[in-house]
Each structure stands twice: as C-alpha cells, then as structure tokens.
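Structure first, commentary second.
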Amino acid sequence: LGAILCEEEPTTEEGMQLMIRAAELGDHTIVTYANKRGKTVSELTSGLLLYKDVGASQYGQWVQNPNPDVSEKKVLTKAIAQQFREDKNSVDLGEFTAIEDEAAKILVKSDCSLDLSNLKTLSDAVAASLSKIQGWSLTLDGLTELSDAAAESLSKCSGVLHLGGLKSLSDASAESLSKHNGALWLRGLTSLSDQVAESLSKHKGGEICLNGLSKLSDAAAESLGQYKGTLDLNNLKSLSDAAAMGLAKHEYRREELDL
C-alpha cells in the first residue's frame, strides 16, 4: 500500500475507497502521500470523498494542483448528519457539496424536508439511501446530471422532489421518475424529447414543473396534454397550432395548465 500510494494516484473507485479507509485509520503512508502533494491529511480526505463519486481521473487532476481551492468543497459526513438529526438548527445542509453514504442514511431518519441543493454529484448508493426520506420534500437542485439508477431510486421518494439543476433527462430516467408519487420540479430542463414527454405524462404525483422549456414539439405537447395534474409551462414562448391543440386536451382541471 505504501509503495503504491506514495508514487501513484488511484485509478479506480476501489483504490480511492482504500485510501479513504487508510486516512480514517491515520495510516502513516497517507501522511507521506499527502505531504508529497502539498496537502494536509484533512484536505486529502475531503478531496477523496468529493471526487470518489465523480471519478478517479478528476481526483488525479485535483490532487496534483499545487493551489487547490478546498474552501468551497464541503463534505457532509456521518458525524455532521448525526449533529443535524439531534439539532436541525445547528447545521445548514445547503452548504455541502458532497455527502457520504452513511450520512445520507442518517439524514433520512430525521423526519423533515432535506435541502441538499448544493450537492454537485450524487452516487447511486446515496440516491438509494435518500429514497427513504420521511420528510415533505427533497431538494437536489445543484445536480446537473443524474444516472438512470439514481433516478430509479429517487422515484421512490415521497413528497416534493426538486431536481431543478438538470439540463436533460434520459428516456430511462424519465420513465423512472414518472412513478414518483409527489410533485416533480424539473424547471432546469430546456428541451424535452418526445419520448421523455410521453413518460412524464404518466407521472402520478399530481404536479410537474417544466417552466424551463421555451418550446415544445407537437408530439410532446400531445403527450403532456394527457397529464393528470398541475402542469407548469409558463416559460413557453411559442406554440404551433398542433401543439396548442395537444395541450388543450389537458382536462384534469383546466386552470392547472399554467402557461
């Protein structure tokens, strides 16, 4: 371990997990490794936790930067999550850019809404843990992308699900999120494929916010016109006659088509 860590960066998630464990145990090889790269063990651990869900290559770029900006990288650890559970006013969850899986498991037991709006990445394991939230809403507006596996897990959340930072949504993710039983906020989407629109039209949660869209295809409008719930499309700039006729079929309650 010492020979490898002192000479090379880890190239796999397994290698990064091994380093995290060694750092937690205070292994002397980690001290040597950190010193060679001009970092404290604390900075190194924060970097490992932040980048383990993004990828080893990006971690390698960060760790070799002689002047890393670590002030903006804040990891929500198990200990901090426990502190939040004991006193919700003592921790601002919105400050954290990364989260440990064990921390997520503790947070969902807090029986309250969770504002994790500054998280930049979400591992599949953390998404699976957050799916067990017991509060009214889960805010993840800092995410710009979501894996299909994470979407499948988050579809099991109860209450409002905020994913306002997503710029696009895969067909598989849309199909998964259509099963979410709560309001779904996707106000960051700037385009919508016909397949995604068809999937979202089957959403069972009663409300979808899509007010980042400025246009809709005729087929997408036809699908969304079948939606049974509040449909927020108040940023549309223009509609074809066919698209307008498609949306006009939205009959759940006419006033809930917000244009």
- Query: Which is it for K204 and K228 under the side-chain contact (heavy atoms from CB on, under 4.5 Å) test, yes or no, and what are the steps along the way?
  - Reply: CA-CA 8 Å; K204 306 299 184 184; K228 307 299 183 184; over 6 Å; no
- Message: Is it the case that the side chains of N235 and S214 hold a donor-acceptor pair, with the cut-off being a distance below 3.5 Å and no angle test?
- Response: no
- Would you say L210 and L224 make side-chain contact, with heavy atoms under 4.5 Å? yes
- Mind checking whether L130 and F84 sit in one hydrophobic cluster, side chains of I, L, V, M, F, W, Y counted as touching below 4.5 Å? yes
- Query: Of the non-hydrogen atoms in L138 and C157, which two are nearest, and what is the gap between them?
  - Reply: CD2-SG, 3.9 Å
- Query: Short question: side chain of D232, backbone of N234 - any donor-acceptor pair under 3.5 Å?
  - Reply: yes
- Item | Which atom of V196 lies closest to which atom of L169, heavy atoms considered | CG2-O, 3.4 Å
- Query: Taking side chain as C-beta onward, heavy atoms only, is T139 less than 4.5 Å from L93?
  - Reply: no
- Query: If you group Ile, Leu, Val, Met, Phe, Trp and Tyr by side-chain heavy-atom gaps below 4.5 Å, do L177 and V160 land in one group?
  - Reply: no
- Could you tell me which non-hydrogen atom of L122 sits nearest to which non-hydrogen atom of A127, and how far apart they are? CD2-CB, 3.8 Å
- Quick check: does any side chain N or O of H203 sit under 3.5 Å from a backbone N or O of H180, one acting as donor and the other as acceptor? yes
- Message: Take a 6.0 Å sphere around NZ of K202 and say whether it holds more than 12 heavy atoms from other residues, nucleotides or ligands.
- Response: yes
- Count the heavy atoms of every other residue, nucleotide or ligand shown that sit under 6.0 Å from CG of D87, and state whether that count exceeds 12. yes
- Query: Atom CD in E222, atom CE in M245: separation rounded to 0.5 Å?
  - Reply: 9.0 Å
- Message: I need the Q195 CD to S170 OG distance, nearest 0.5 Å.
- Response: 10.5 Å
- Message: Is it true that T97 and N118 share a donor-acceptor pair across their side chains at a distance under 3.5 Å?
- Response: no
- Return yes if a side-chain donor-acceptor contact under 3.5 Å exists between Y227 and H250, otherwise no. no
- Message: My understanding is that only residues two or more places apart in sequence, or in another chain, count here; which of them pass salt bridge (charged side-chain N to carboxylate O under 4.0 Å, His left out) with E198?
- Response: none
- Going by atom types only, do S199 and E175 share a side-chain donor-acceptor pair under 3.5 Å? yes
- Do N211 and L236 come within less than 4.5 Å of each other through their side chains, counting heavy atoms only? no
- Task: Working to the nearest 0.5 Å, report the span between CG of D92 and NZ of K74.
- Result: 8.0 Å
- Message: Within the 3.5 Å criterion, strictly below it, is a donor on N181 or K179 matched to an acceptor on the partner's side chain?
- Response: no
- Query: Do NZ/NE/NH1/NH2 and the carboxylate oxygens of D101 and K78 come within less than 4.0 Å?
  - Reply: no
- Message: Nearest 0.5 Å, please: how far is CG in D148 from CG in D124?
- Response: 9.0 Å
- Distance from S129 atom OG to I99 atom CD1, nearest 0.5 Å? 8.5 Å
- Message: Run the side chain to side chain donor-acceptor pair (under 3.5 Å) test against D218 and tell me which residues pass, sequence neighbours left out.
- Response: S240
- Query: What about L189 and L184, same hydrophobic cluster or not, with Ile/Leu/Val/Met/Phe/Trp/Tyr joined at side-chain heavy-atom distances under 4.5 Å?
  - Reply: yes
- By salt bridge (charged side-chain N to carboxylate O under 4.0 Å, His left out) - contacts of E207 (at least two apart): none
- Quick one: list whatever passes side chain to side chain donor-acceptor pair (under 3.5 Å) with Q134, sequence neighbours left out. none
- Could you state whether W185 and L114 fall into the same hydrophobic cluster, counting links through intermediate Ile, Leu, Val, Met, Phe, Trp or Tyr residues with side-chain heavy atoms under 4.5 angstrom apart? no
Can you give each donor-acceptor pair under 3.5 Å made by side-chain atoms of residues 104-113, sequence neighbours left out, with the distance rounded to 0.1 Å?
residue: K105; atom: NZ; partner: E102; partner atom: OE2; Å: 3.3
residue: S110; atom: OG; partner: L107; partner atom: O; Å: 2.9
residue: S113; atom: OG; partner: S137; partner atom: N; Å: 3.1
residue: S113; atom: OG; partner: S137; partner atom: OG; Å: 3.2

- Query: Of all heavy-atom pairs between S223 and S201, which one has the smallest distance, and what is that distance?
  - Reply: O-CB, 3.1 Å
- How about L233 and L213: do any of their side-chain heavy atoms sit closer than 4.5 Å? yes
- Item | For the student: nearest non-hydrogen atoms of F96 and L76, plus distance | CD2-N, 3.5 Å
- Tightest non-hydrogen contact, residues S217 and A243, listed as O-CB, 4.4 Å
- Message: Going by salt bridge (charged side-chain N to carboxylate O under 4.0 Å, His left out), name the residues that satisfy it together with D115, two or more places apart in sequence or in a different chain.
- Response: none
- Query: So how far is it from L163 CG to L140 CG, rounded to the nearest 0.5 Å?
  - Reply: 6.0 Å
